[in-house]
Amino acid sequence: MMTAKAGPSGEPAELSDRQHLSRIGIIWLVLSVVCMALVYFAWGPHMPPGTDSVQAKGQQFDNTVLATVATPVILFIWVYLAYVLINWRVRADTPVAELRDGPAIRGNLRFQATWMIVTGATVLSMFIFGTYELVKDSGSGTGSGQAPIWTPAGYSVDASQNKLLVVQAIGQQWRWTFRYPQFGGIETSQLVIPAGQEIQYSVTSLDVIHSFWATNLGIKADANPGVNNIAFGQATKIGPIDIRCAELCGVWHGAMYATGQVVSRNDFQTWIAAEQYAHKDLITFLPPYADFYLPQSDGGFYDPSANPLPNPPGPTPATSPTVIP
Amino acid sequence: MTQIDDSKAQLGLPRSGRLALVTGVLVVVGAALAFTFAYLISYPSTVVAAATASDTVVLQSVGAIGLGNHPTWVSYMAQENGNWVHSTVLTVPANSDVHFKIYQYDSGSPLRNPYMDQVAGTVGGTETLNGQVVRIVNDNADGGIGHTFAIPSLGVYVPMPGISSLQTNACSTPVPCATTFDHNTVEFTIHTGAPGTFTWQCFVPCGLGFLIGNGGPMSTFGYMGGYLKVVA
């Protein structure tokens, strides 16, 4: 800690601006080193969204890095503010004639250059880091539109060549359902996926804008009507999936959630077979699988003709039974 | 102190006058906040739809409620002690098999998602439609689906067909509708678990005249959705 030299009358002399700056710098540096280590090593492993998928783990790392980088910035503001309040606070008995302003920043080329270089380098490095992280994990679990640029191995626009497991997440006011086009287009109310398998989430909506958010898997993609918004993900841990709507979508938005399960590959095959059997009658009432569905003017139903892909014909009302006992 | 005296001089009010002014402003602001808050939290009265497990929850869905602020809106009514009440807040007993009987007087349309043709979450996975036990109701058949009674967080989805397009005796206001009018009767049983409050809603976009059919009665509490209060 720097101390002021005694003046001629025995009172401590005021510190120079440089000495004040050194004090602030030392306090900030010590706190930053300690806090950055705490943030990275102690807090980081517990940051959301956890480590249940490749994407979640990547996002947790990103959050940890961002928080670590933000720590010295926040600390600089706090340390500087505290130092100013303690040392340069004007007391009630201070004569007006003794009040003086601090050194001017304007025209101080050295200060300005330092400020711009440090902040510019910080922002630029975050931009490069963020872009790299986004590309590395094929969009890092985010919705990438109908024609994603960064795709994982095995992905193909041609459904017959696509080696990924496709799950369509359908949002409507106010629930989620899921279709599996590679298993006859069955629809379920739970999202069940195998661990270790690259999944293509094709997200769409039947009415307004929703947002499919599998929180612990780090998958988040807007569900827009008339749009097939694709996200990729690979779960790594067997366990539950928590799904929310992340877009304010109406009166029951808060209740629009679903659950799911990450299971082993064998368990997935067992589950999907059971679902196909359980829905064998219902499947004839569903429209053929399509990238998205459009509501018709009668207020209901979604129109398979919106699908540009060839599909088998859907049910014909005239011959379909009214009810199935 | 000097500044306060200056302020006093500018206002030209004695201390008692300033106090009265501040009090008056606070009262007005407080009243406005209280009114706004009371309006925001107000919702229909709670109906004890089933006091015990042996009671049946009796509801009816009507095409136009014919009363209140929105008489033309589609809505539900609930029976309490034999009397019909316009409310969608229902109380049922916990850890019980609760039987529902719904008189469906409204017309229908195809479902936006035919996945909900299938009954789900009821005891046996079925409903009784006009005396016939069924698992699936075709939303593309004649009357379509009038409404669905759904409690998403309990996994309950019950499709209720609309009355036939050939009907000649549809119920119109005033409600409640008598059973002499054309209707479908849907019955089912759900098993309630632990106490809690669960939202229930219709999944047919039946808010005619509103954007994609989901505005108005579909988005206003007390018409096509409400709370199921499961109590111990």
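These figures come from a predicted structure and were not determined experimentally. Letters A, B, ... are given to chains in the order of the sequence lines, protein chains preceding strands, and every chain is numbered from 1.
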Does a donor on one side chain and an acceptor on the other come within less than 3.5 Å for B/Y115 and A/R179?
no
Do the side chains of B/N138 and A/F285 get nearer than 4.5 Å, heavy atoms only?
yes
State whether a side-chain donor-acceptor pair under 3.5 Å links B/Q118 with A/D281.
no
How many angstroms lie between CG in B/N113 and CD1 in A/I170, if you round to the nearest 0.5 Å?
5.5 Å
Measuring heavy-atom distances to chain A, does B/T126 have an atom under 4.5 Å in its side chain, in its backbone, in both, or in neither?
neither
Is any side-chain heavy atom of A/W252 closer than 4.5 Å to one of B/P152?
no
Looking at A/Y293, does the NZ or CZ of B/R112 lie under 6.0 angstrom from its six-membered ring centre and within 45 degrees of the ring axis?
no
Report yes if some heavy atom in the side chain of B/D117 is under 4.5 Å from a heavy atom in the side chain of A/L282; otherwise report no.
yes
Take atom CZ of B/F221 as the centre, draw a 6.0 Å sphere, and report whether it contains more than 12 heavy atoms from other residues, nucleotides or ligands.
yes
Looking at every heavy atom in both B/M218 and A/W174, which two are closest together, and how far apart are they?
O-CH2, 3.5 Å
For A/A255 and B/T199, work out which heavy atoms get closest and say how close.
CB-OG1, 3.7 Å
Quick one: are B/M116 and A/Q172 in side-chain contact, heavy atoms under 4.5 Å?
yes
At a 4.5 Å cut-off on heavy atoms, which part of A/S189 comes close to chain B: side chain, backbone, both, or neither?
both
Take a 6.0 Å sphere around OH of B/Y227 and say whether it holds more than 12 heavy atoms from other residues, nucleotides or ligands.
no
Considering only heavy atoms, which portion of B/F203 lies under 4.5 Å from any heavy atom of chain A: side chain, backbone, both, or neither?
both
With a sphere of 6.0 Å drawn around NZ of A/K280, does it hold more than 12 non-hydrogen atoms of other residues, nucleotides or ligands?
yes
